[in-house]
Amino acid sequence: GVAVGEVGGGDGARLGEFRLSVLGPQRRYAEENDGSVVLWVDVRGASVLLPGDIGALAQRDLGPLRPDVLLLPHHGAATTDLDWLAATVGSLAVVSVGRNTYGHPDPGVVGVVADLGTPLVSTLDVGDISWSPP
């Protein structure tokens with residue numbers, strides 16, 4: 001009984017003090033993961049980027065962004081464009097991942113975040129992660 005709708009780039013909503021902006025998908029992609037919903041969340045003057053499972057092509061279509069918090073795309077997979085990541089990661093990076101056989105998060109992705117001096121928090125290491133905007 002729940003209404004379901006399709007969203008795309010340019011859509012948005014306000015939920016209490018949260019402003020949600022849909023940044024993607026920006027078009028149809030051959031790779032299913034690139035069609036993930038990408039959300040920019042603003043709350044109390046801070047921003048969070050939730051890019052779903054998008055890979056390098058959809059990341060390049062988004063262009064560089066600079067959220068306060070970036071959830072690494074696709075569990076930190078090797079499908080991440082490292083140049084996009086370097087231009088996009090903000091003051092905190094989060095990876096949502098459990099034990100897996102896929103190699104997530106990819107060492108190259110973790111390396112870019114580390115080289116930038118950005119703290120990286122992983123659900124594999126600490127479990128649930130909470131963050132409060134300043």
Side-chain angles (χ1 to χ4, degrees):
V2 175
V4 176
E6 204 171 294
V7 297
D11 291 335
R14 183 171 282 285
L15 298 169
E17 62 183 320
F18 295 89
R19 186 167 45 95
L20 309 175
S21 301
V22 179
L23 303 183
Q26 295 190 351
R27 60 184 174 95
R28 288 189 155 272
Y29 293 94
E31 173 58 46
E32 186 176 18
N33 284 342
D34 284 334
S36 292
V37 172
V38 177
L39 290 177
W40 183 276
V41 181
D42 285 305
V43 59
R44 289 188 253 148
S47 57
V48 178
L49 179 60
L50 306 171
D53 284 348
I54 64 171
L57 182 60
Q59 291 163 9
R60 286 190 293 270
D61 283 351
L62 279 177
L65 302 165
R66 197 56 89 169
D68 295 299
V69 178
L70 171 65
L71 176 65
L72 295 182
H74 198 156
H75 317 287
T79 55
T80 299
D81 180 311
L82 299 181
D83 291 331
W84 176 84
L85 177 61
T88 298
V89 71
S91 57
L92 177 65
V94 174
V95 61
S96 176
V97 66
R99 296 197 189 285
N100 65 87
T101 58
Y102 301 105
H104 300 334
D106 178 73
V109 170
V110 172
V112 166
V113 174
D115 288 349
L116 293 168
T118 302
L120 174 63
V121 182
S122 170
T123 57
L124 182 61
D125 298 330
V126 300
D128 291 342
I129 296 169
S130 65
W131 171 81
S132 295

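For the single chain, residues carry numbers from 1 onward in sequence order.
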Practice task
Kindly determine whether Leu65 and Leu23 satisfy side chain to side chain contact (heavy atoms under 4.5 Å, CB included), including the steps that lead there.
Solution key: CA-CA 11 Å; Leu65 302 165; Leu23 303 183; 3.9 Å; yes
Handout entry: Check: Gln59 side chain, Asp81 main-chain N or O, donor-acceptor pair, under 3.5 Å
Key = yes
Handout entry: Step-by-step side chain to side chain contact (heavy atoms under 4.5 Å, CB included) determination, Val95 to Thr123
Key = CA-CA 7 Å; Val95 61; Thr123 57; over 6 Å; no
Exercise for the section: With the side chain counted from C-beta on, respond yes when Asp68 and Leu92 share a heavy-atom pair under 4.5 Å apart, and no when they do not. Expected result: no
Exercise for the section: Check the hydrophobic clustering (I, L, V, M, F, W, Y; side-chain heavy atoms under 4.5 Å; chains of links allowed) and say if Leu20 and Val69 are grouped together. Expected result: yes
Exercise for the section: State the CD-CG distance between Glu31 and Asp53, to the nearest 0.5 angstrom. Expected result: 9.5 Å
Practice task
State, with a plain yes or no, whether a side-chain heavy atom of Leu71 is found less than 4.5 Å away from one of Pro51.
Solution key: yes
Practice task
Evaluate the criterion side chain to side chain contact (heavy atoms under 4.5 Å, CB included) for residue pair Tyr29 and Leu57; output intermediate values, then yes/no.
Solution key: CA-CA 9 Å; Tyr29 293 94; Leu57 182 60; 3.9 Å; yes
Problem - Test side-chain contact (heavy atoms from CB on, under 4.5 Å) applied to Ile54 and Thr80, Leu62, Asp61, the passing residue - result: Leu62
Problem - Atom pair CG (Asp106) and NE2 (His74), whose distance is rounded to the nearest 0.5 Å - result: 11.5 Å
Exercise for the section: Provide the closest heavy-atom pair for Ala93 versus Val89 in the form atom of the first, atom of the second, distance. Expected result: CB-CG2, 3.9 Å
Practice task
Indicate, with yes or no, if Leu116 and Leu82 share a hydrophobic cluster defined by side-chain heavy-atom contacts under 4.5 Å among Ile, Leu, Val, Met, Phe, Trp and Tyr.
Solution key: yes
Problem - Which atom of Pro73 lies closest to which atom of Trp84, heavy atoms considered - result: CG-CZ3, 3.8 Å
Problem - Close side-chain approach of Trp131 and Val48, heavy atoms under 4.5 Å - result: yes
Handout entry: Cluster link Val121 to Val41, ILVMFWY, side chain under 4.5 Å
Key = yes
Practice task
Evaluate the side-chain proximity of Val109 to Leu85: yes if any heavy-atom separation is below 4.5 Å, no if none is.
Solution key: yes
Practice task
Could you walk me through whether Leu49 and Thr88 pass side chain to side chain contact (heavy atoms under 4.5 Å, CB included), step by step?
Solution key: CA-CA 9 Å; Leu49 179 60; Thr88 298; 3.9 Å; yes
Exercise for the section: Using atom types as modelled and distance alone, determine if a side-chain donor or acceptor of Trp40 lies under 3.5 Å from a backbone N or O of Ser47. Expected result: no
Handout entry: Taking every non-hydrogen atom, the tightest pair across His75 and Ser96
Key = ND1-O, 2.6 Å
Exercise for the section: For residues Leu70 and Thr118, determine if any side-chain heavy atom of one lies less than 4.5 Å from a side-chain heavy atom of the other. Expected result: no
Problem - Same apolar cluster: Val94 and Phe18, side chain cutoff 4.5 Å - result: yes
Practice task
Taking Thr79 for its side chain and Gly55 for its backbone only, find out whether a donor-acceptor pair lies under 3.5 Å.
Solution key: no
Handout entry: Within one Ile-Leu-Val-Met-Phe-Trp-Tyr cluster: Leu39 and Leu15, side-chain cutoff 4.5 Å
Key = yes
Problem - Minimum-distance pair of heavy atoms, taken over all atoms of Gly8 and Val22 - result: O-CG1, 3.2 Å
Handout entry: Over 12 non-hydrogen atoms of neighbours within 6.0 angstrom of CZ in Arg19
Key = no
Problem - Closest contact, heavy atoms only, Arg66 versus Gly90 - result: CD-CA, 4.1 Å
Problem - Backbone N/O of Gly98 and side chain of Asn100: donor-acceptor pair under 3.5 Å - result: yes
